[in-house]
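Hydrogens, waters and symmetry mates are skipped; everything else that's a heavy atom, side chains included, is used. Residue numbering restarts at 1 for every chain, and letters A, B, ... go by the order of the sequence lines. As the structure is a computational prediction, the values presented were derived from the model and not from experiment.
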Amino acid sequence: MRRGPGIAGLQHAVRQKEQFKAAGEEVKKNTLQALQEQLVAFRSSLEEFARRHRSEVRSDPVFRAQFHAMCASVGVDPLSSSKSLWASALGLGDYYYELGVQVVEACLASRSLNGGLMELGALQRAVARRRGTSAEPVSQDDVVRAIKKLRVLGGGFELLSIGGRSFVRSVPGELNTDKNTAIEAAGSRGFTSVPELSVAKGWPQGRAESVLQALTLEGLAWVDDGAPDRVRLYWFPCLGGAAQEAA
Amino acid sequence: MTAPGFTFPYFHNYPPYFTLQPVKETRDKQIALWGSLVLTYCQHTKTFILDSQAPSPLFVNDAINRKLNTEARIAVLDDLVAQGRAEWLDKSKRQCLILWKRIDEWVAVLLDFVRTYGLSDSVMTLDELSSGDDVRGTDLYGLHHEVLQRMLRVLEAQGKVRTFKGETPGELGIKFV
């Protein structure tokens with residue numbers, strides 16, 4: 001039997017459409033609810049996990065880094081606020097504030113020696129020395145996190161990479177490409193000279209000279225006139241050698 | 001002159017510290033570090049008079065082939081003089097009296113010694129005070145006459161000692177009142 005396109009047929013189609021829509025909304029609501037429940041459950045088990053492993057998170061730098069990675073992947077920031085549940089569960093907010101203060105102290109103490117540019121590893125060791133031998137170990141990841149928190153203060157603390165090594169700059173100011181190149185050329189030996197830099201980079205002597213003089217003025221380079229061939233050497237305390245261990 | 005048992009600080013192995021830095025802030029820090037090294041080194045080696053031009057291991061590091069030049073040495077010592085921790089003994093700034101203990105600190109050591117050994121009212125000569133048997137094993141042993149004379153000037157002004165001229169400067173008699 002074939003039903004024609006009567007009024008009843010049209011009404012039936014409208015009803016059917018409404019029913020489908022209602023059913024769809026029902027399903028959508030259920031899924032959303034389930035997802036919310038799952039998220040709440042996940043959040044609480046993550047909190048539970050954080051509480052249970054609080055001491056490990058605080059004392060073990062590797063574990064702490066993994067915990068941060070896990071939190072980041074689910075979009076939770078345990079450091080976002082010291083008032084958050086996370087801070088109270090873990091006490092991490094305070095941990096990084098304290099570390100931040102130690103980072104600032106270490107940078108200030110060594111500033112007149114290295115011009116405010118410090119290699120990340122050296123900063124980590126300096127901070128560890130400040131905390132004393134009985135304190136829990138600090139990883140580079142922790143130092144980087146603490147520095148990122150310091151940015152809020154606008155103090156000009158920044159992380160930068162020169163020649164594949166990470167540095168922390170604690171005085172505001174730009175390192176232009178020439179300065180970066182000069183520090184990079186000094187490399188692991190920790191020093192360079194006007195002739196050496198101009199030959200290595202194909203620069204005219206004047207360009208090498210003005211870059212090295214600018215770096216000296218900023219306190220990033222120290223001059224050394226004691227070389228046997230009397231060529232003035234420019235040393236970078238931030239590249240290692242003895243000076244950075246002073247902090 | 002060598003210094004057995006003395007550990008030089010980190011910067012003594014870092015070549016640029018042996019060149020006087022052209023930038024003021026850097027130079028100030030450099031001179032301060034050298035100044036405190038001079039004091040600890042002289043204390044360790046019991047050096048009272050430092051010859052600013054002598055090839056002392058204090059200012060020379062053969063391992064890295066660097067030495068502090070005379071101008072820089074004088075700058076370091078001038079800074080100590082300004083802090084009251086040293087005194088030039090000649091106009092040409094060659095001989096420098098290094099006060100790794102200040103005069104008043106030395107005076108306290110001497111008064112403590114006099115009290116401990118019950119030497120009030122007794123008379124000692126300058127030589128006995130710096131190298132006699134009584135002071136052997138104390139901080140006073142080997143104390144340079146230049147320091148002792150400065151101490152006595154302070155003590156005399158305070159009325160705590162009376163001095164009597166001897167036949168030689170070393171025989172100067174000192175009575176603790």
Asn180(A) and Glu184(A) side chains, donor-acceptor separation under 3.5 Å: no
Separation between CG of Leu97(B) and NE2 of His144(B), rounded to the nearest 0.5 Å: 7.5 Å
Between Leu217(A), Val223(A), Asp225(A), the one whose heavy-atom pairs under 4.5 Å with chain B are most numerous: Val223(A)
Heavy-atom pairs under 4.5 Å with chain A, option from Lys29(B), Gln30(B), Gln21(B) with the top count: Gln21(B)
Ring geometry between Phe11(B) and Trp34(B) (parallel below 30°, tilted from 30 to 60°, perpendicular above 60°): perpendicular
Sub-6.0 Å ring centroid separation between Tyr14(B) and Tyr10(B): no
Segment of Ile64(B) engaging chain A (4.5 angstrom heavy-atom cut-off): neither
